[in-house]
Amino acid sequence: MDRLTGTMLAAALLAACSAGGGREAPAGLGAMRAPGRVRALLASADGRWLAWLDGCVEVQGRFLPPGTATCDLQVAPSGGGGPARVARAVTTLPHGAG
């Protein structure tokens with residue numbers, strides 16, 4: 001998968017996890033897995049697990065690009081079930097979770 005295809009897939013998955021404001025999702029949009037704002041979303045190769053970054057705090061540094069943040073890494077089964085925080089202070093830089 002090239003980088004553009006991966007970026008487009010991630011954007012589509014992020015849209016599926018957008019904040020619902022406590023409302024039910026309209027029919028056909030799937031099920032909410034991550035309440036609130038999600039910074040990055042990744043699916044396992046078999047599609048059974050979802051991982052995302054949330055609870056992000058922007059960090060600034062002389063050599064960091066704008067928009068860099070540290071976040072909590074959450075994981076949940078794609079078929080349903082609550083998320084589990086598996087790591088804190090995960091960077092949004094490409095080597096972190098993307």
Side-chain angles (χ1 to χ4, degrees):
M1 177 178 355
D2 66 0
R3 188 163 180 91
L4 178 61
T5 303
T7 301
M8 291 174 59
L9 176 61
L13 291 172
L14 284 172
C17 290
S18 64
R23 301 172 302 192
E24 290 292 321
L29 290 181
M32 184 185 306
R33 298 289 177 239
R37 185 177 174 149
V38 171
R39 189 77 172 248
L41 175 69
L42 301 168
S44 63
D46 62 4
R48 295 179 63 196
W49 293 93
L50 299 173
W52 63 88
L53 297 176
D54 68 358
C56 299
V57 175
E58 291 215 17
V59 293
Q60 296 179 354
R62 186 173 187 179
F63 300 106
L64 293 175
T68 301
T70 61
C71 309
D72 293 337
L73 174 63
Q74 306 275 354
V75 176
S78 60
R85 182 176 52 222
V86 296
R88 288 188 168 170
V90 176
T91 183
T92 57
L93 293 173
H95 66 275

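Heavy atoms only: backbone and side chains are in, while hydrogens, waters and symmetry mates are out. What you are looking at is a predicted structure, and each value in this text was computed from that prediction instead of being measured.
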Those residues at least two apart in sequence (or on a different chain) that pass side-chain contact (heavy atoms from CB on, under 4.5 Å) with Pro66 are none
Provide the full list of salt bridge (charged side-chain N to carboxylate O under 4.0 Å, His left out) pairs with a residue in residues 58-69, sequence neighbours left out, each pair given once. none
Partners of Asp72 by side-chain contact (heavy atoms from CB on, under 4.5 Å), sequence neighbours excluded? Asp54, Gln74, Arg85, Arg88
Working to the nearest 0.5 Å, report the span between CG of Leu53 and CG of Leu42. 7.5 Å
How close do Leu73 and Ala51 get, heavy atom to heavy atom, and via which atoms? CD1-CB, 4.2 Å
Heavy-atom pair of closest approach, residues Val38 and Trp52: CG1-CB, 3.5 Å
With sequence neighbours excluded, what pairs up with Ser78 under the side-chain contact (heavy atoms from CB on, under 4.5 Å) test? Leu50
Exercise: identify the closest heavy-atom pair between Pro83 and Ala76: CA-CB, 3.8 Å
One pair to check against side chain to side chain contact (heavy atoms under 4.5 Å, CB included): Leu93 and Leu64. What are the steps and the verdict? CA-CA 9 Å; Leu93 293 173; Leu64 293 175; 4.1 Å; yes
Going by the disulfide (SG to SG under 2.5 Å) test, which pairs reach into residues 55-84, not counting sequence neighbours? Cys56-Cys71
